[in-house]
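The next block holds one structure in the form of structure tokens; read it before the comments.
Side chains included, hydrogens not; waters and symmetry mates left out as well; all remaining heavy atoms used. Here is the naming used below: chain letters follow the sequence lines, and residue numbers restart at 1 for every chain.
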Protein chains: 2
Amino acid sequence: MSEQGYRVAVVGATGAVGTMMIKVLEERNFPVASIKALASSRSVGKKVPFRGKMITVEELTERSFDGVQLALFSAGATVSRRFAPMAARAGCVVVDNSSAFRMEPHIPLVVPEVNPNALQGHPGIIANPNCSTIQMVVALKPIQDAARIKRIVVTTFQAVSGTGQKAVFELEAQVQALLQGRPLPRAVYPHQIAFNCLPHIGAFLPTGYTEEEMKMVNETRKIFEDASIQVCATTVRVPVYYGHSESVAVETHQPLSVQEARDLLKKASGVVVVDDPAQNEYPMPLNAAGRDETFVGRLRKDFSVENGLVMWIVADNIRKGAATNAVQIAEILVKQGLLRVP
Amino acid sequence: MSEQGYRVAVVGATGAVGTMMIKVLEERNFPVASIKALASSRSVGKKVPFRGKMITVEELTERSFDGVQLALFSAGATVSRRFAPMAARAGCVVVDNSSAFRMEPHIPLVVPEVNPNALQGHPGIIANPNCSTIQMVVALKPIQDAARIKRIVVTTFQAVSGTGQKAVFELEAQVQALLQGRPLPRAVYPHQIAFNCLPHIGAFLPTGYTEEEMKMVNETRKIFEDASIQVCATTVRVPVYYGHSESVAVETHQPLSVQEARDLLKKASGVVVVDDPAQNEYPMPLNAAGRDETFVGRLRKDFSVENGLVMWIVADNIRKGAATNAVQIAEILVKQGLLRVP
């Protein structure tokens, strides 16, 4: 790399995740020589802050990646399918936050704490997993290494920010309307989300599962490189702004005591154990918001099965669930010399 | 019974459940000759409505049950432990909504749709199960009958009204304070509940489980009269006013297809199947509030285990989870001639 670092582009720079990607690049002092904020023509001219300056958003075009070495994409699967291969052909390495390439066999699907080696020999595009998968595999990595996972039963409590900035506004507007007795605004979700729970994230499939639920099944297997892991997922939207929570029952092939699991989790990369029930200490979305780590608590033995553990996993879905994980992938690319030298 | 019906007392008449018990007695046209609203001295003189009249709350004393044939208790375990045996000795039949007697072997623990026969030979006190248990066993009863349940993994999304009226006020006050930028009131829960999730209902036990979680384990076994049923529960408070939701993965001894389960659930007493994902139809706490049935949806095969089903169960925790179930028990007592004839 040059002394100044890499020429970086962020695609979808005005969205909830894109904005955070730029913020996290700055926070983690990623070696950025120049940064391009790219978005659709609708957002051209908007400004986003980076290192004390305001960057003007440019329109994403076929020529946007000329001379760019790293591009972080978070503008949806359609945009990624069209522009990520283009960027890769231009010699740029893409870390893509959409679902477009996650399950393609030759595309690495990476969580830095879990499978950094999958980056070796990447074809120019690397997929960032789904938010609800990332925090789960970070917490389960030491369990998988120590006792091999047989089956996971997971139920999620997912924040509205996972849907995007417009859903954050919708929850806030609904709460205000309810308090003031005004008619409820409703555009993002099919039902009121304020003071309600919607067991519906992503489209429904013929099996009755949602796309979000199947992401947790398929991505977990790919990241752990273990197709034998059984996953049953139920994903639910709750009236929380930031931070996904997950209730996880995990069954392992080998026995693992709660104390052993706790010790492993305390040493695990990216994990913070918050588990002192006597002091009312357990992970909560409110405390995880704005943090980059994955928080694990309510760790206990599952007495209902042989070799079972139960836990409660919380992380900021926009940070570790998206932007932070993408930037961490870029950091490893730099470290392992997998980014083109400028 | 006399032409006029029974002399009934409601203990804890000013609480969220007590108020609803009086309302449900009226709604279901329970044969009430006279009604006593009983509470602690603090509430004496307050008034509660019944059949278009206002009843003045009286202080609960040792003599409160003289001439009373049926008493519905919902004033906490301490009050029940002291006054329920007294009422029973006075010849009154007690339906107790507290946890005081639920696990006592000689006390029936009854959900009318599941184990009405447990009322036979009752000793004057009948226990109403915990809210989160009631709705789960109503939905699982046809599964248990058809395929025998081996293991249940349940995660709950519980409304603040389950904690009582003061928690309903706290959530509302917190939301208002947040919108107005005022300091947050916090008295009921150890942490902010607005826009947050607390994996903490009831006191923590040395195993790491909460009392609420163990109620779901122990009460389920007692109600189904099947100590072999394995239950792993995680109970979570969410910012919802009324209606508990439950994500339930159930493993059975015999195979049961989704279609068979659906057909059984459609015919099951007290159950309403709401399960048309293509039309965005699934149970939600917002729709269950104010209803007496248990709503089941998101029914699908659990591909992660042999003989597994997954579902989403929602009910009004103050109605079916407490008041309605207690009144339904009283209705069966009348029907089976198990109430003392006035």
Original post:
More than 12 foreign heavy atoms under 6.0 Å from CD of B:Q254: is that the case here?
Top reply: yes

Original post:
What is the distance from atom CZ of B:F303 to atom CD of A:Q230, rounded to the nearest 0.5 Å?
Top reply: 11.0 Å

Original post:
Checking A:T156 against chain B: side chain, backbone, both or neither under 4.5 Å from a heavy atom?
Top reply: backbone

Original post:
Under a 4.5 Å heavy-atom cut-off, does chain A meet the side chain of B:L179, its backbone, both or neither?
Top reply: side chain

**OP:** Count the heavy-atom pairs under 4.5 Å between each of B:C197, B:P199, B:A278 and chain A, then report the option with the highest count.
**Re:** B:P199

Original post:
With a 4.5 Å limit on heavy-atom distance, are the side chains of A:E213 and B:R298 in contact?
Top reply: yes

**OP:** Side chain from CB out, backbone as N, CA, C, O: work out which of these in B:F195 comes under 4.5 Å of a heavy atom of chain A, or both, or neither.
**Re:** both

Original post:
Which residue out of B:A194, B:G208, B:G297 racks up the most heavy-atom pairs below 4.5 Å with chain A?
Top reply: B:G208

Original post:
Contact part of A:V236 toward chain B, heavy-atom cut-off under 4.5 Å: side chain, backbone, both or neither?
Top reply: side chain

Original post:
In terms of heavy-atom proximity below 4.5 Å to chain B, should A:A233 be classed as side chain, backbone, both, or neither?
Top reply: backbone

Original post:
Which bit of B:I229 comes within less than 4.5 Å of chain A, counting heavy atoms only: side chain, backbone, both or neither?
Top reply: neither

**OP:** Identify which part of A:V310 has an atom lying under 4.5 Å from any heavy atom of chain B, answering side chain, backbone, both or neither.
**Re:** side chain

**OP:** Please confirm whether the backbone N or O of A:K301 pairs with a side-chain atom of B:Y209, one donor and one acceptor, at under 3.5 Å?
**Re:** yes

Subject >> Part of B:V238 lying under 4.5 Å from any heavy atom of chain A >> reply: side chain

**OP:** Indicate the ring-plane relationship of B:F157 and A:F157, choosing parallel, tilted or perpendicular according to the 30° and 60° boundaries.
**Re:** parallel

Subject >> chain A contact via B:V258 - which portion, at a heavy-atom distance below 4.5 Å >> reply: neither

Original post:
Looking at side-chain heavy atoms only, is the closest gap between A:T234 and B:R300 below 4.5 Å?
Top reply: yes

Subject >> A:S304 side, atom OG; B:K150 side, atom NZ - distance, nearest 0.5 Å >> reply: 10.5 Å

Original post:
What option among A:P190, A:A159, A:P283 has the most heavy-atom pairs under 4.5 Å with chain B?
Top reply: A:P190

Subject >> Proximal component of B:Q180, with respect to chain A [non-hydrogen, under 4.5 Å] >> reply: neither

Original post:
When rounded to the nearest 0.5 angstrom, what is the spacing between CG in B:N196 and CE in A:M284?
Top reply: 5.0 Å

**OP:** Could you tell me whether a side-chain N or O of B:R151 sits under 3.5 Å from a main-chain N or O of A:V305, the two making a donor and an acceptor?
**Re:** no

**OP:** Could you tell me which portion of A:E246 (side chain, backbone, both or neither) has an atom closer than 4.5 angstrom to a non-hydrogen atom of chain B?
**Re:** neither

Subject >> Short side-chain to backbone donor-acceptor contact, A:H191 and B:N280, under 3.5 Å >> reply: yes

Subject >> Greatest number of heavy atom pairs closer than 4.5 Å to chain A - which of B:V153, B:V314, B:V175 >> reply: B:V175

